[in-house]
Protein chains: 2
Amino acid sequence: MTTATHKRPASGEELAGGRRALRADARRNHEAVIAAAKKLFADQGLDAQMPDVARSANVGVGTVYRHFPTKHDLIAALVAERFERLAQKAREALQTEDAWEGISDFIRFCAQIQADDRGLCEVMGSRPDVMDAAARAAGLPELCDRLVKRAQRSGQLRRDLAWEDIPMIACGLGRITQATVGPATGRWPRLVEIILDGLRAPGSGRLPRCP
Amino acid sequence: MTTATHKRPASGEELAGGRRALRADARRNHEAVIAAAKKLFADQGLDAQMPDVARSANVGVGTVYRHFPTKHDLIAALVAERFERLAQKAREALQTEDAWEGISDFIRFCAQIQADDRGLCEVMGSRPDVMDAAARAAGLPELCDRLVKRAQRSGQLRRDLAWEDIPMIACGLGRITQATVGPATGRWPRLVEIILDGLRAPGSGRLPRCP
DNA sequence: ACTATAGCGGAATTTCGATTCCGCTTGTAG
DNA sequence: CTACAAGCGGAATCGAAATTCCGCTATAGT
């Protein structure tokens, strides 16, 4: 502070809400960081390092941190996007001619999306909080419920299945998509089909009550 | 080294092999460390810390490290023991009157043992190497193969199942036993039964080939 | 009981990754 | 074209764990 301070021009106030318009380079960097992070976390899982994200985005660490105050925030943003994609798929699944095809494709998709993204997979497995928030935000509970009800109404899905079983199944599937456990490697599509067979009506009627 | 060095008495050479008999307190501590580690890793997962293991065993960190040169070694020892237990269960399962009961109980047991041990569960999910070694050492591939063949011979298990599918299933189940993912919490016994339903003969015949 | 060791305890060191800090650069309004 | 604040880069800091080190203590053979 040397002499006079110019009056603040209240610049870029055109945006609705409280947020201010980002400078052009800032917006560009934001994109770059997200893109780089998406790839790194998908490939290396949650252990991918912030400095690597920065490097990979051609940006300094500081920049990454201005856009996402913590690693956790960055991950949450990525996860939110993936769950949005999932919700979209669920909506499509509700439009299929055949109800069984809808729900079974959705389940296959859950497995595939995790097979393609190790980071997502790890969040599912070890970050209940993040995942739960994202799922709710994307409206997945509601969507799963509708998928289940519809397939039950058409008589193709066992009656004793509850929508809560869907995230559970997705979660279990996620893990093996990543399994490099010798004999299990690359066999996950088989488990998907086994589970789907287990879901077909009428079922054995022995599902335990949820506790 | 001040004056004369007594001749080494080549003490405690009674043990076969190269290893020397452990001093009484050393043996005691070894047990204590294992016991403490078993509990800590089961409760807190692989993130449990070495200093905590030491404290919980009433022992210094140094002592833990004399018995297990690295954390990894300690974990491997614990895992080996769990897999031994698994193999034992598999052998029992081969003795049941009914073949289906044998294999289905074994699968339930795989889930339960992981539900009770978060550490084991995490190893299954993220330490292919450790897990693979332990499984082979315990003879599990062979045992799974026999369980599968036997249940197929009796016509109760779908024909297109391979023994490699068993570790895969166990692995997938392991994860949800730990899931604290809102809606999925505590529902894993349901997934076990769904999968078992999916395994019953004759099956839909659509299992993809392993790649 | 005596002494050479095996074995012990736990403070100090190392390692490594997230996050902070701050002087410099650049977009932008006037 | 200028001035100013928004943004930037990346070295330096912090923190958390694993692991090492070494003087001290207890065991066991004599």
Side-chain angles (χ1 to χ4, degrees), chain A residues 1-15 18-33 36-37 40-41 44-76 119, chain B residues 1-15 18-34 36-37 40-41 44-76 119 122:
Chain A
M1 298 180 192
T2 44
T3 47
T5 44
H6 280 236
K7 50 193 163 184
R8 300 207 225 102
S11 67
E13 205 66 10
E14 23 234 291
L15 245 301
R19 69 205 54 166
R20 163 154 334 201
L22 284 178
R23 228 164 68 175
D25 56 346
R27 185 160 38 256
R28 202 166 32 252
N29 283 333
H30 188 88
E31 296 307 319
V33 168
L40 275 183
F41 284 109
Q44 313 179 19
L46 301 183
D47 292 340
Q49 299 168 209
M50 296 299 267
D52 285 338
V53 171
R55 194 163 322 125
S56 163
N58 285 309
V59 134
V61 229
T63 300
V64 174
Y65 277 92
R66 182 155 328 81
H67 290 283
F68 301 95
T70 69
K71 181 174 182 177
H72 182 275
D73 292 323
L74 174 53
I75 290 172
Chain B
M1 297 182 194
T2 44
T3 48
T5 44
H6 283 236
K7 51 193 164 186
R8 298 208 227 105
S11 65
E13 205 65 8
E14 26 232 292
L15 247 301
R19 70 207 52 169
R20 166 154 332 202
L22 284 177
R23 229 165 67 176
D25 56 345
R27 187 160 36 256
R28 202 166 33 251
N29 283 333
H30 187 90
E31 297 305 320
V33 168
I34 288 193
L40 274 183
F41 283 109
Q44 312 179 21
L46 300 183
D47 291 340
Q49 299 168 209
M50 296 300 265
D52 284 338
V53 171
R55 194 164 322 126
S56 163
N58 284 309
V59 133
V61 230
T63 300
V64 173
Y65 276 92
R66 183 157 324 81
H67 291 282
F68 302 93
T70 69
K71 182 176 182 175
H72 181 275
D73 291 322
L74 175 54
I75 290 171
E122 292 178 6

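In what follows, chains carry the letters A, B, and so on, assigned in the order in which the sequence lines appear, proteins first and then strands, with residues in each chain numbered from 1.
The two residues A/Ala36 and A/Ala57 make their nearest non-hydrogen contact at CB-CB, 3.7 Å. Across B/Val53 and B/Phe41, no two heavy atoms sit closer than the pair CG2-CE1, 4.2 Å. Nearest heavy-atom pair across A/Met50 and A/Val64 is CE-CG1, 3.7 Å. Between B/Ser56 and B/Leu40, the shortest heavy-atom distance links the atoms CB-CD1, 4.1 Å. Pairing each heavy atom of A/Lys71 with each of A/Leu46, the nearest pair is NZ-O, 3.0 Å.
When rounded to the nearest whole Å, the span between CG of B/Asp52 and C1' of C/dG10 equals 14 Å. Nucleotide C/dC8 holds its P atom 12 Å from the CZ atom of B/Arg27, rounded to whole Å. Straight-line distance from the CZ atom of B/Phe68 to the C1' atom of C/dG7: 15 Å, rounded to whole Å. Between A/Asn58 atom CG and D/dG9 atom P the separation is 9 Å, expressed in whole Å. One interatomic measurement links the two molecules: CZ of B/Arg28 to C1' of D/dA26, which rounds to 10 Å at whole-angstrom precision. Rounded to a whole Å, the CZ atom of B/Arg23 is 5 Å from the C1' atom of C/dG7. At whole-Å resolution of the value, CG in A/Asn29 and P in C/dG27 are 11 Å apart.
In the set C/dG9, D/dG7, C/dG7, the nucleotide with an atom closest to the side chain of B/Val59 is C/dG9. Listed candidates were D/dA6, D/dA28, C/dG7. Nearest to the side chain of B/Ala24 is D/dA28.
For B/Asp73 (side chain) and B/Thr70 (main-chain N/O), a donor-acceptor pair under 3.5 Å exists by modelled atom type.
Taking side-chain N and O atoms only, A/Thr63 has a distance below 4.0 Å to OP1 or OP2 of D/dG9. Taking 4.0 angstrom as the limit, B/His67 places a side-chain polar atom (N or O) nearer than this to OP1 or OP2 of C/dC8.
The side-chain heavy atoms of B/Phe68 and B/Ile75, taken from C-beta on, include no pair separated by under 4.5 Å.
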Protein proximity profile, nucleotides 11-23 of chain D - base contact B, sugar-phosphate-only contact S, no contact -, cut-off 4.0 Å on heavy atoms: B-----SSBB---

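Across all strands, A/His30 comes closer than 4.0 Å to no nucleic acid atom at all (heavy-atom distances).
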